[in-house]
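Single-structure report; data block below.
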Amino acid sequence: MDFDKRKASTLASLSSNEADKSPKGSLDTPIIPLINALNNHHSYFTTSSCSGHSELVFRFEPLIIAVECRDLSSAQSLVSLAIACGFRESGITSVSKRLIVGIRCSIRLEVPLGDTQKIMVSEDYLKFLVGVANEKMEANWKRTEGFLRAFRKSQDGTLENATGSKCSVSGGDCNEGQDGLERSFVDAQNIVPSEKASFSRESLVETEGIPGCSLSISQMVIAGEPIERLFLWGHSTCTLESTNKAEVLIFGGFGGSGRHARRHDSFLLDPLHGTLREINVASRPSPRLGHTASLIGDCMYVIGGRADPTNILSEVWILNTLKNEWRLLDCTGSAFPPRHRHAAAAVGSKIYVFGGLNNDAISSSLHVLDTNTLQWEELIAHGEQPCARHSHSMVAYGSKLFMFGGYYGEALGDLYSFDTLTCSWKVEKVGGRSPYARFSHSMFVYKYFIGTIGGCPVTQHCQELTLLDMRSLVWKHVTLSSMDKELFVRSTANVVRDDLIMVGGGAACYAFGTKFSEPMKINLFPLLSLDDHDSSRKLGENEVNKEEEGMMENGNVLLQAPHVGTGSPKHPEMQSLNVENQTGQTDASSWVVKLEKKHAKLGKDILKKFGWLDLERKVYAQEDGLFISFPVTEKFCAIFSEDRFEVLSDHHPSKPFRAESLLLNDMSSSVALDILKEYGATKLPDELVQKRKACKSPLKIMTEAVASLIRQKGLSDKLLEQLPNRWERIGDIVVLPISSFRDPIWNSIGEELWPIIAKSLNTCRLARQGRVAANGTRDSTLEILVGDNGWVDHRENGILYSFDATKCMFSWGNLSEKIRMASSDCTDAVIVDLFAGIGYFVLPFLVRAKAKLVYACEWNPHAIEALKRNLEANSVSDRCIVLEGDNQITAPQGVADRVCLGLLPSSEGSWLTAVRALRSNGGILHVHGNVKDTEVELWANHVSKSISEIARSEGHRWEVTIDHVEKVKWYAPHIRHLVADVKCRRI
C-alpha cells in the first residue's frame, strides 16, 4: 500500500466511534490542533502521540509523536524543525520501507516512590515532585506550542528559528563539556566568510612601519592522507629540518576525520610538496589536546594536556624522530602539577613551562625541565611577575623567552620577557601600536621578528599578522587579505625556511556546526627586504653590557660577539661590523666548522658550551653524511686565522691527550680549540649561505637566458621589454599573460625560446593566454607552447577541478564568490545553475554547501566533458543532473530553491528562465553582471524591478527584494563584477 492510501485509511479510522489501541483509547485533547496540522499536510500523517502526562507514582513524560512521512526530504525537514523547537531527540526510523519521524525530547522525570505494597516517601516529597512535574509539563507545553507555530509558518515558506538563539562558538572539546572560553568572543558572523572578504594570490598588505611590502598567502594542497586528518585544534607541532627536507611534525589535538574526538596520531607534513604521512608507532601517548611539544635535537617532548574533562595530565612523553619511538619519561625533581593550555619554549637543552589550567585552577608558576637530567625545577623568578594565565603563547629568542596574551578572567594583551640567564621577568616596553588582547593564538620567530597571529576574540583583526621587530623593539602590523576568513584559533604556526605554515584551528558553533581551518602557507621572505637601518630604530635603556656581550679588541677594531648560547647579537646595530677574512670575501657570519661524523657530538657540545655555535643557521651533512658542518659565530671567527685552521692561543699540549678523559664543564676555551684541531676540524664558507646569496628569481633567470638568446640571434635588446613580470599557474601549466611576447619576431625563434622560458620558470608545460572566444560557448584560446596537451587538475577550497585549459575558460577572480556560495546553508535545497561550465559553482554547492540536488545547464561540449569528470572526481555525481543544450529549453521549472546565473557581462537574457525555475513560493536568484562603478545602485534597482515584473507576468504574487550585492572583483577599469542576491517571497 502506498503512502496516500495508508494515509486515507488511517485518517478514516479517526472518525470511528471505536476506541483506539492506546491505553487511553483516544487522542489527547490538548494535542489535537497539532495532530490536525500535521494530517492536513500532504507529506505527513499521524495518530500515534502522547501530549505528555505526569503520574505521581513514578514518572513524567513529555510530548511524543510518531509521524509517517511521504519521502526522505519531508522527513528531514520535519526533524530539523522539531530539533530547532527544542525536541532534540527527534529522529527518523524506517519501518518496512515506511519513513517514521519520532518527535520527542529529554525533559523526563522518573522517580521510584516505593514498591507495589507501600509508598516510601513523605507527603511533602510527593508535593515537591508534583511541582517539579508541573514545571516540566509547562516547559513541554511551551515547546509544543512553539513547534505548532513553526510548522504552520513553514508551510508558508517563512520558517524561522524557533529558538531565537544567537550562534556561539567554543574552541574547546565540544563532545565533553565545553571549555566555554571562546564562546562569548566569536559569533556566527565570524564563522562564515565575510561578505566583504576578497582574495588575491599575491595578497596586498596594509602595514604600520612596513611600506611597500606584500606577502603571499595560499591554501595548501594535501596529498597522501586525507586533508580532514589535519582538521584539528589544540594539537601541537614542531619543525624538523635537514639539509634537503623540512617537515612539520604534528601530534594530538581534537577533530580529525570521521567523528571528531581527541587524537593521538602523529603526522609529518612536507609543506614544499604538500605530502602528509602518518607515523605508525605501536606504543604512543593517550589521546589529548591542550598539550605542548618542544623539539630538542632529534627528540620531541610532549608535556601535559587534557585526556578528558576530569583527567588533566602532568606526564612527559618523548618521540625519537629518527627511530619513530615513543617513550614515557620518569622525571624527578620538583613536583610538576597537571595542566593544559599552558605554554612551553626551549632554550638549549631546557624546556620552560609557564601557566596553564587544571580544572578551575589557573597557574602562575614557571617550571623548567632539564632534558639532560630529566629533572623538573620550579623557578623562583625575580623582576616584574606576570599574572596567572592560560591559553597564552611563548617563544624563545636567544637566551630570552617572550610571552604574549592569554586569559585570566579576560583576554590579556601584555608582553613579558624572561631572561634565562638572570632568572628575571620584565614587562617589555615597545614602540608602535600594541596588538589587541587575545588568547588561544600562535607565536613564531622568523629571523629578527617575533610574530603573533590569530586567537580570540575573533574581530576585524583576525587576519592581522603582528610582528615585533627585535632590532628596534617596535610593533609592526600586516593585514592579510586571505582567500577565506580562516579561524586561527588554537592553531599552530611553524616557520619552515621562509614560509609560515598554519595548521588547524577552528571553532564549534551550535547553529553552524564545527569549523576547522585548512592548512595555509604564508611566505615571509618579503619582510627581509625592509630597510635594516630604519631611522626609527632605538635601543632600550642599559641594554649595552660589554662583559655580557663578550666585546673584544682586535687592533683598532671593536668586535661584537653574540651571547653564549644564542645565534644572534643582542644589538643588531653592532652586527653590521663583521669580521672579514684576509681576502675580504666572506664575513664572519658565513663560516662553518666541518667535522667527521664520529666527532660531531663532542664538537657540537664544545661549540655550544662556549657560544661558538650559531643557532640562527642550520647544521647540515656533507659527503653522504660522512661529515657534519656546524655554523659558527663571530666570536669563534675572531680567535681563528682565516686562511687556515690555526688556534690563536698560547696553549699547545706538550703531549698527546685523550679528549674523552676531559670533563666538558672543566674544559678551558684554549683546550677546547686544541681538541677541535686534534680531531681534524676545518673551517669553510657556509655552503647554504653561499647558495642563498647566489639565488636568483625566476624573472632574473628568464631575463638573462632570453637576453643571451636574442643577442645570439642578432635581435634588439628592446624585445626584453615584452617579457612578462607575472604569470599564473593552472595545475602544472605556467600561463604567460596575453600581453607578453607580442612582437611576431618571437615566433621565429619559438622553437628555442619556449623551452628556455619553461626551464626558467621550472615547469614542464608552458602556455600563453588568449582572449576568451567571442562565441556563445566562450571557449578558451589558451595556446600550449611546451607540452603535449592542456588537461590540468586544479584544487581550490578543497574541490578538484579538471579541465582542458585550451578549450575551457577558468577564472581566478571568482574564487571569493565560489567560497561565498560554498558557505551557504543549502541542506535539503534544490539548485539550478543555468551556466554550469566545468562546475565553477555547481561543485561548491554540492561539495561544501551540501545541496540536495543541482540541475547543471551547459551547452559547451568541452565544458560538459570536464563537468562530468569533476562530478565523479568529487564523488557528487549522484546529486547532480547535467542538462545539455540551451538552458531556455532544458532548464526545469518550479523546482528550485536557488538559481545561479553566472554569465558575464550580463545574464539578463535568462532571467525569465530563472524565474520559471523557482518554486511557486519563491526562492533566491544569484544574478551576475558587469556594472560601472558609478551605477551599482541603478543596476540593483533594475534587477529588482525586472525580476518583479517577470514574476508578475508568470502569475506569481512575490515580494522581490535585493538582500545583498557582492562586489566580486574589478573586471576592467571602472567596471565591477557584481552578484545580486535577489530574494523572491510569496506574499
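- We find the CG-OG distance between Leu295 and Ser236 to be 11.0 Å, quoted to the nearest 0.5 Å.
- Between the CH2 atom of Trp376 and the OG atom of Ser314 there is a distance of 9.0 Å, given to the nearest 0.5 Å.
- For the pair Arg471 and Tyr448, the distance from NZ or CZ to the six-membered ring centre is under 6.0 Å and the angle to the ring normal is within 45 degrees.
- With contacts defined as side-chain heavy-atom distances shorter than 4.5 Å, the pair Phe267/Val248 does not qualify.
- With 3.5 Å as the limit, one finds no donor-acceptor pair spanning the side chains of Ser440 and Arg438.
- For the pair Arg341/Arg490, a side-chain contact is recorded, criterion being any heavy-atom separation below 4.5 Å from C-beta on.
- For the pair Phe254/Pro287, no side-chain contact is recorded, criterion being any heavy-atom separation below 4.5 Å from C-beta on.
- Of all the heavy atoms in Phe516 and Leu232, the pair that sits closest is CD2-N, 3.5 Å.
- For His291 (side chain) and Phe251 (main-chain N/O), a donor-acceptor pair under 3.5 Å exists by modelled atom type.
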Run Asp419 and Ser424 through side-chain hydrogen bond (donor to acceptor under 3.5 Å, both in side chains) and show every step you take.
CA-CA 5 Å; Asp419 193 326; Ser424 60; 5.4 Å; no
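- Ile351 places a side-chain heavy atom less than 4.5 Å from the side chain of Ile303.
- A distance of 7.0 Å separates CD1 of Ile296 from OG of Ser349, quoted to the nearest 0.5 Å.
- In this view, Arg339 satisfies the salt bridge (Lys or Arg N to Asp or Glu O under 4.0 Å) rule with no residue, not counting sequence neighbours.
- Side-chain atoms of Thr371 and Tyr301, non-hydrogen and from C-beta on, do get closer than 4.5 Å to each other.
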Between Ile250 and Leu269, does the side-chain contact (heavy atoms from CB on, under 4.5 Å) criterion hold? Intermediate values first, please.
CA-CA 8 Å; Ile250 304 158; Leu269 171 63; 4.1 Å; yes
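- For the residue pair His235/Thr492, the side-chain donor-acceptor check at 3.5 Å is satisfied.
- The nearest pair of heavy atoms linking Ser286 to Ala307 is OG-CB, 4.5 Å.
- In this structure, the side chain of His340 does not engage the main chain of Ile312 through any donor-acceptor pair within 3.5 Å.
- Considering only residues two or more places apart in sequence or on other chains, Glu384 meets the salt bridge (Lys or Arg N to Asp or Glu O under 4.0 Å) condition with none of them.
- Taking NZ of Lys476 as the start and CG of Leu468 as the end, the distance is 10.0 Å to the nearest 0.5 Å.
- Closest of all the heavy-atom pairs between Pro519 and Leu230 is CG-CD1, 4.0 Å.
- Looking at Asn358, its side chain never comes within 3.5 Å of a backbone N or O of Ala361 through a donor-acceptor pair.
- For the pair Glu247/Arg277, a side-chain contact is recorded, criterion being any heavy-atom separation below 4.5 Å from C-beta on.
- A donor-acceptor contact closer than 3.5 angstrom links the side chains of Thr292 and His342.
- Sorted by first and then second residue, the salt bridge (charged side-chain N to carboxylate O under 4.0 Å, His left out) pairs with a member in residues 365-383 form an empty list; sequence neighbours excluded.
- Taken to the nearest 0.5 Å, the CD1 atom of Ile279 stands 5.0 Å off from the CG atom of Asn324.
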His392 and Phe439: CA distance, side-chain angles, deciding distance, side-chain contact (heavy atoms from CB on, under 4.5 Å) verdict
CA-CA 6 Å; His392 49 295; Phe439 58 96; over 6 Å; no
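- At a cut-off of 3.5 Å, with distance as the only test, no side-chain donor of Asp298 or Thr321 sits close to an acceptor on the other residue.
- Across Ser442 and Ser393, no two heavy atoms sit closer than the pair CA-OG, 3.8 Å.
- Counted within 6.0 Å of OH on Tyr446, heavy atoms from surrounding residues, nucleotides or ligands total more than 12; the atom is thus considered enclosed.
- Between Ser434 and Trp475, the closest side-chain pair of non-hydrogen atoms falls below 4.5 Å.
- Ion pairing between a basic and an acidic side chain is recognised when a charged N comes within 4.0 Å of a carboxylate O; Arg389 and Asp414 show such pairing.
- Cation-pi geometry between Arg229 and Phe231 is not met at under 6.0 angstrom from the ring centre and within 45 degrees of the axis.
- Between the side chains of Asp614 and Thr633, no donor N or O sits under 3.5 Å from an acceptor N or O.
- Across every non-hydrogen atom of Pro631 and Leu613, the tightest pair is O-CD1, 3.4 Å.
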I'd like to know whether Lys604 forms a side-chain contact (heavy atoms from CB on, under 4.5 Å) with Phe630, so could you lay out the CA-CA distance, the side-chain angles of the two residues, the decisive distance to 0.1 Å, and finally the verdict.
CA-CA 7 Å; Lys604 182 179 179 180; Phe630 298 98; 3.6 Å; yes
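- Taken to the nearest 0.5 Å, the CG atom of Leu328 stands 15.5 Å off from the CZ atom of Arg284.
- Under the ring pair (Phe, Tyr, Trp, His ring centres under 6.0 Å) test applied with His441, the options Phe404, Phe488, Tyr407 reduce to a single match, Phe404.
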Take Leu527 and Leu467 through the side-chain contact (heavy atoms from CB on, under 4.5 Å) test and state the conclusion after the steps.
CA-CA 10 Å; Leu527 296 175; Leu467 301 166; 3.6 Å; yes
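- For Leu374 against Leu369, the heavy-atom pair with the smallest separation is C-CD1, 4.0 Å.
- Side-chain atoms of Trp425 and Leu401, non-hydrogen and from C-beta on, never get closer than 4.5 Å to each other.
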Is there a salt bridge (charged side-chain N to carboxylate O under 4.0 Å, His left out) between Asp498 and Lys521? Walk through the geometry before answering.
CA-CA 10 Å; Asp498 293 310; Lys521 181 189 296 185; over 6 Å; no
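- Arg617 places no side-chain N or O within 3.5 Å of a backbone atom of Leu615 that could act as its donor or acceptor partner.
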